[in-house]
Number of protein chains: 2
Amino acid sequence: MSEVVSRKVQIEGIATELFRKKGYAATSMRDLAQAVGMEAASIYSHIKNKEALLSSICFRLADAFMDAKKEMELQTMPAPLLLQKAIEAHVRVITNNLDASAVFLHEWRHLSPEPLAEFIALRKAYENYLIRIIQQGKEEGKFQFEDEKIAVLSLLSGLNWIYDWYKPEGKLSPEQVAQNLSNLLLNGLTKK
Amino acid sequence: MSEVVSRKVQIEGIATELFRKKGYAATSMRDLAQAVGMEAASIYSHIKNKEALLSSICFRLADAFMDAKKEMELQTMPAPLLLQKAIEAHVRVITNNLDASAVFLHEWRHLSPEPLAEFIALRKAYENYLIRIIQQGKEEGKFQFEDEKIAVLSLLSGLNWIYDWYKPEGKLSPEQVAQNLSNLLLNGLTKK
DNA sequence: CCTACCGATCGGTAGG
DNA sequence: CCTACCGATCGGTAGG
């Protein structure tokens, strides 16, 4: 029983790597089987089908982001600090799940209509939560920006791209990356 | 003769839309043929093969970015202004090529080894050119940042994500988007 | 630009 | 978890 579970987790882990490296559509069940070390048909003893793998990866990450959001919403503090904490939490999710983040960010569109709609709704909710934070900052007189949609999407894209260059074995810890990015996004490049 | 050329251009345009919408690997030549309005086999009268379509899209955009870079390099000005001009040029390339930008950013990894290496080299050269600008700004005492790699990659990701939300029929012109993003990246969210 | 194909590979199932 | 398959679809070619 525990062997079945761990085998399933192992398959999902290898699928995550392959989906990231080759893309979901270009990864065949035979590619996956070979990487796992079994026949393609045997994969189906552990998972329902190919899309179940994608779905599991995308929603696991979405849940991680939503958990961070929920925890943040329990706290009350000035917007700049709140945003910094949110950035830290976001960076932590990504640096802890580099391959899955890449899949989460780029392969979700291959979900079929029903999970796709649910997935998009979760992303939207997360986006709105960040928009609320920076709107709050504007009301507090701490932030300035013309268009909060552009501000948040640029912020998010800066955060999301981390999976592309972050090296866990490198010199920067997740906290340092978060610190660095917070500073950049809050204060910009210009020296004061 | 001119009909052959324009047909080819038309096929590439439709391929660009499909590659963006479904991804390169998930777009079949039969999908493309149907969208163009001919049989799959007939596509091959106009293009060599599927990868030639991808290659043409990716390198056309890469060339557009490199052209912008070359033009910028002829000019001498303080780094903050230089960066603002570079951002404007970058935003112009993307907003003028929304579908192709998405393909350029996400589908290039499906190129075969040789063009892939060339493509990566072009991107690297462009990245280095931006790094030089912000390094120059640091030397001028105008910019501050801890890690120029992170600064540039965050900057680039903010710029590159534009294709995802920019609506040509919307209220913002490419110049306004560039202005807005320049301000955000140079000065941050924080009100001075 | 079409008809008629090709060999290869796809996701997935049956039955053990 | 394997062998043996299935029908469908893939990129691409031959020949007109």
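Naming convention: chains lettered A, B, ... in sequence-line order (proteins, then strands); numbering from 1 in each chain.
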Select from A:Ala26 and A:Ser42 the residue whose nearest nucleotide in DNA chain C is closer to the 5' end of that strand. A:Ala26
From C:dG11, D:dA4, D:dC10, nucleotide with atom closest to B:Arg30 side chain: D:dC10
Picking from D:dC1, D:dG12, C:dC1, which would you name as closest to the side chain of B:Asn49? D:dG12
Taking a pair to mean Watson-Crick or G-U wobble geometry with both distances below 3.5 Å, D:dT9 pairs with C:dA8
B:His110/B:Phe19 aromatic ring centres below 6.0 Å: no
When you measure from the side-chain N and O atoms of A:Ser28 to the phosphate of C:dT9, is any distance below 4.0 Å, counting only OP1 and OP2? no
Answer yes or no: does a side-chain N or O of B:Ser45 lie under 4.0 Å from OP1 or OP2 of C:dC1? no
When you measure from the side-chain N and O atoms of B:Arg7 to the phosphate of C:dC1, is any distance below 4.0 Å, counting only OP1 and OP2? yes
Identified pairing partner of D:dG16, criterion: Watson-Crick or G-U wobble below 3.5 Å: C:dC1
Of the candidates C:dT13, D:dC1, D:dT13, the side chain of A:Tyr44 sits closest to C:dT13
Between A:Gln136 and A:Glu140, does any side-chain donor sit less than 3.5 Å from a side-chain acceptor? yes
Using the six-membered ring wherever Trp is involved, compare the ring planes of A:Phe104 and A:Phe65 and label them parallel, tilted or perpendicular (cut-offs 30° and 60°). tilted
Would you give me the side-chain donor-acceptor pairs under 3.5 Å for residues 91-98 of chain A, sequence neighbours excluded?
| residue | atom | partner | partner atom | Å |
| --- | --- | --- | --- | --- |
| A:Thr95 | OG1 | A:Val91 | O | 2.8 |
| A:Thr95 | OG1 | A:Arg92 | O | 3.3 |
| A:Asn96 | ND2 | A:Arg92 | O | 3.2 |
| A:Asn97 | OD1 | A:Arg60 | NH1 | 3.4 |
| A:Asn97 | ND2 | A:Val93 | O | 2.8 |

Could you please name the option among D:dG11, C:dC1, D:dC2 that lies closest to any side-chain atom of A:Glu39? D:dC2
Looking at C:dC1, C:dT13, C:dG11, which one has an atom nearest to any side-chain atom of A:Lys50? C:dG11
